[in-house]
Student: 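Let me give you the structure first, and then I'll get to my questions.
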Amino acid sequence: MGRSSKDKRDIYYRLAKEEGWRARSAFKLIQINEEFKIFDGVSRVVDLCAAPGSWSQVLSRTLRGSAADPSSVKIVAVDLQAMAPLPGVTQLQGDITKTSTAEAIISHFQGDKAQLVVCDGAPDVTGLHDLDEYVQAQLLLAALNITTHVLMEGGTFVAKIFRGKDVTLLYAQLKIFFSQVSVTKPRSSRNSSIESFVVCQNYSPPEGYIPTMVNPLLDLSYDGSWQDLEGPNRVIVPFLACGDLSAYDSDMNYPLQMEDGKSYQYLPPTQPPISPAYTVAVAMKRGSQQASGESPTTTTITTTTGKKD
Ligand code: SAM
């Protein structure tokens, strides 16, 4: 495909070049702002997963352009990849799922917190929808976790989300932290794409919530002091064993002689599988035995009909 054919087909691609944006995604943030006015009164922003930098460009041009003193606008941009410098944008290169990157971002906001955090993060798409949705959701949760450290109460969080079948769980998680959660699909986002954007407004964490970067489920070096976490900070779902000690232990082998003295009698499965994976293997084995003139072995296999062969 020639360069010009892409230019003709995609108006946003063409406009991005005409207007000097580094990527066509610039229009997504512009259109989200037109609808939700997320830039109003904002001068401190974090742009997560920012490269090549079109969202940072939009932030820099809009916020610095409308500020009486452009140097008062603080924009921190983070990405795995380096990007060319932009006026008024501080860059951090790192993985937003890593504690060290989160700490570096947090260190920029020790005084005044950010009023807006945006995240256009996307993993390298594999084409396996369930996997892509899962990884995207993890990226969004990593972004949310960082956001809980740096966003001021009342602030806004905007992030790319894949609207897959389990997306309501993510909405529920976001609703814990924001009183208003909306989903939006800007005109510049292709209809063929599963992507949308969550616009989470009025950051209001649960009372007593203390942001933490610890993920006890993933961090194997964690020493277990999660016992200290209480109330809304306690994220571990309690584990309870059920069934008392008189029940059979599923990891034990028991003798075939039953407790009541009777011998164990084999019983066929109550419901054999309807389409077992071994059906093809059985047919192939039979075919090769007939071809070689061998008499069939005496192996007994239960087929789909439940009959013994
Ligand atoms: N908003 C950007 C713009 O307008 O130029 C485009 C962002 S691009 C769609 C997605 C970015 O997410 C990529 O640059 C990629 O490097 C970044 N990314 C993906 N996973 C990341 C991670 N774990 N940490 C940091 N950046 C990540």
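Hydrogens, waters and symmetry mates are skipped; everything else that's a heavy atom, side chains included, is used.
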Student: Return the set of residues passing side chain to side chain donor-acceptor pair (under 3.5 Å) with Asp79 (not counting sequence neighbours), or none when no residue passes.
Tutor: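 Side chain to side chain donor-acceptor pair (under 3.5 Å) check on Asp79 returns nothing, list empty.
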
Student: Enter the distance from Glu34:CD to Leu29:CG here, rounded to the nearest 0.5 Å.
Tutor: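 One gets 10.0 Å once the value is rounded to the nearest 0.5 Å.
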
Student: When you measure from the side chain of Ser60 to the backbone N and O of Gly88, does any donor-acceptor pair fall under 3.5 Å?
Tutor: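 No, because the side chain of Ser60 does not come within donor-acceptor range (under 3.5 Å) of the backbone of Gly88.
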
Student: Do you know the tightest heavy-atom contact between Thr97 and Ala142?
Tutor: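 The pair with the smallest heavy-atom distance is CG2-CB, 3.8 Å.
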
Student: Quick one, Val158 and Ile38 - any side-chain contact, counting heavy atoms below 4.5 Å?
Tutor: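 When only atoms from C-beta onward are counted, Ile38 and Val158 do touch, with a gap below 4.5 Å.
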
Student: Counting only N and O atoms by type, is there a donor-acceptor contact under 3.5 Å from the side chain of Arg22 to the main-chain atoms of Pro52?
Tutor: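 Confirmed, Arg22 side chain pairs with Pro52 backbone.
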
Student: When rounded to the nearest 0.5 angstrom, what distance separates CD1 in Ile96 from SG in Cys49?
Tutor: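 With rounding to 0.5 Å, CD1 (Ile96) is 4.0 Å from SG (Cys49).
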
Student: Salt bridge or not between Lys28 and Glu195? Use side-chain N to carboxylate O under 4.0 Å.
Tutor: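 A salt bridge is present here (some side-chain N lies under 4.0 Å from a carboxylate O).
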
Student: Can you list every salt bridge (Lys or Arg N to Asp or Glu O under 4.0 Å) pair that touches residues 55-76, not counting sequence neighbours?
Tutor: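 Salt bridge (Lys or Arg N to Asp or Glu O under 4.0 Å) check on residues 55-76 returns no pairs.
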
Student: Quick check: does any side chain N or O of Thr148 sit under 3.5 Å from a backbone N or O of Asn145, one acting as donor and the other as acceptor?
Tutor: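 Confirmed, Thr148 side chain pairs with Asn145 backbone.
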
Student: With Asn33, which residues qualify under side chain to side chain donor-acceptor pair (under 3.5 Å), at least two apart?
Tutor: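 Applying side chain to side chain donor-acceptor pair (under 3.5 Å) to Asn33 gives none.
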
Student: CG/Asp95 to OG/Ser100 distance, rounded to the nearest 0.5 angstrom?
Tutor: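 Those atoms lie 8.0 Å apart.
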
Student: Can you name the residues that form a side chain to side chain donor-acceptor pair (under 3.5 Å) with Asn253, not counting sequence neighbours?
Tutor: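 Side chain to side chain donor-acceptor pair (under 3.5 Å) list for Asn253, sorted by chain: empty.
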
Student: If every non-hydrogen atom of Gln91 is compared with every non-hydrogen atom of Pro85, which pair is closest and at what distance?
Tutor: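 Closest pair (atom of Gln91, atom of Pro85, distance): NE2-CA, 3.4 Å.
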
Student: With distance as the sole test, does Trp21 use its side chain to make a donor-acceptor pair with the main-chain N or O of Phe27 at under 3.5 Å?
Tutor: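 Absent.
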
Student: Is the shortest heavy-atom distance from the side chain of Asp10 to the side chain of Arg14 under 4.5 Å?
Tutor: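 In short, these two side chains do not touch, never coming nearer than 4.5 Å.
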
Student: Tell me which donor-acceptor pairs under 3.5 Å the side chains of residues 168-181 have, and how far apart each pair is, sequence neighbours excluded?
Tutor:
unit_1 : atom_1 : unit_2 : atom_2 : d
Lys175 : NZ     : Ser179 : O      : 2.7
Ser179 : OG     : Asn202 : ND2    : 2.9

Student: I need the Thr126 OG1 to Leu131 CG distance, nearest 0.5 Å.
Tutor: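 Thr126 atom OG1 to Leu131 atom CG measures 4.5 Å (nearest 0.5 Å).
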
Student: Quick test of your reading: applying salt bridge (Lys or Arg N to Asp or Glu O under 4.0 Å), list the pairs with at least one residue in residues 130-140, sequence neighbours left out, ordered by first then second residue.
Tutor: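 Residue pairs with at least one partner in residues 130-140: Asp130-Lys165.
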
Student: Judged by atom type as modelled, is there a donor-acceptor pair below 3.5 Å linking the side chain of Gln31 to the main-chain atoms of Ala26?
Tutor: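 No, the answer is negative, given that no donor and acceptor are paired below the 3.5 Å cut-off.
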
Student: Any donor and acceptor pair, going by atom type alone, linking the side chain of Glu103 with main-chain N or O of Lys98 inside 3.5 Å?
Tutor: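 No, the answer is negative, given that no donor and acceptor are paired below the 3.5 Å cut-off.
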
Student: Under the side chain to side chain contact (heavy atoms under 4.5 Å, CB included) rule, what do Ser25 and Asp120 come out as? Steps first, then yes or no, please.
Tutor: CA-CA 9 Å; Ser25 354; Asp120 188 27; 3.9 Å; yes

Student: For the NZ atom of Lys37 and the CD1 atom of Ile32, what is their distance to the nearest 0.5 Å?
Tutor: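 Interatomic distance, Lys37 NZ to Ile32 CD1, rounded to 0.5 Å: 13.0 Å.
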
Student: Could you check Arg44 against Lys113 for side chain to side chain contact (heavy atoms under 4.5 Å, CB included), going step by step and ending with a plain yes or no?
Tutor: CA-CA 7 Å; Arg44 297 182 303 278; Lys113 291 194 161 184; 5.7 Å; no

Student: Would you please say whether a donor-acceptor pair under 3.5 Å links the side chains of Asp47 and Ser56?
Tutor: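 Distance-only check passes for Asp47 and Ser56.
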
Student: Would you say Gln93 and Leu80 make side-chain contact, with heavy atoms under 4.5 Å?
Tutor: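 They are not in side-chain contact.
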
Student: Where is the tightest heavy-atom contact between Tyr278 and Pro273, given as atom of each residue plus distance?
Tutor: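 So the minimum-distance heavy-atom pair works out to OH-CG, 4.0 Å.
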
Student: Locate the shortest heavy-atom distance separating Ile161 from Phe197; write the atom from each residue and the value.
Tutor: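 Heavy-atom minimum between the residues: CG2-N, 4.1 Å.
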
Student: Report yes or no: do Thr156 and Tyr203 form a side-chain donor-acceptor pair below 3.5 Å?
Tutor: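 Tyr203 and Thr156 do not have a side-chain donor-acceptor pair below 3.5 Å.
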
Student: Does the Thr62 side chain pair with the main chain of Leu59, one donor and one acceptor, at a distance under 3.5 Å?
Tutor: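 No: the side chain of Thr62 does not pair with the backbone of Leu59.
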
Student: Measure the shortest side-chain to side-chain distance between Val45 and Leu63 over non-hydrogen atoms and say whether it is less than 4.5 angstrom.
Tutor: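 A side-chain contact exists here, since the closest heavy-atom pair is under 4.5 Å.
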
Student: Looking only at heavy atoms, which two atoms of Ser196 and Lys185 are closest? And how far apart?
Tutor: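 Minimum heavy-atom separation between Ser196 and Lys185: OG-CD, 3.8 Å.
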
Student: According to a hydrophobic-cluster definition based on side-chain heavy atoms being under 4.5 Å apart (Ile, Leu, Val, Met, Phe, Trp, Tyr only), do Leu139 and Val183 belong together?
Tutor: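 Same cluster.
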
Student: Side chains of Ile105 and Val78, heavy atoms from C-beta outward: is any pair under 4.5 Å?
Tutor: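 Ile105 vs Val78: side chains touch.
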
Student: Supply the atom-to-atom distance Ser193 OG to Phe162 CZ, rounded to the nearest 0.5 angstrom.
Tutor: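 Here the interatomic distance stands at 6.5 Å.
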
Student: Test side chain to side chain contact (heavy atoms under 4.5 Å, CB included) on Val76 and Leu92; report intermediate values, then the result.
Tutor: CA-CA 7 Å; Val76 176; Leu92 295 172; 3.9 Å; yes

Student: If we ignore hydrogens and angles and just use 3.5 Å, is the side chain of Gln136 paired with the main-chain N or O of Lys160 as donor and acceptor?
Tutor: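 A pair under 3.5 Å: yes.
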
Student: Judged by atom type as modelled, is there a donor-acceptor pair below 3.5 Å linking the side chain of Tyr254 to the main-chain atoms of Asp249?
Tutor: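 Answer holds: yes.
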
Student: Return the minimal non-hydrogen interatomic distance between Gly155 and Leu151, and the atom names on each side.
Tutor: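 Answer, listing the atom of Gly155 first, then Leu151: C-CD2, 3.7 Å.
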
Student: Counting heavy atoms not belonging to Glu18, are there more than 12 under 6.0 Å from its CD?
Tutor: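 Above 12, so yes.
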
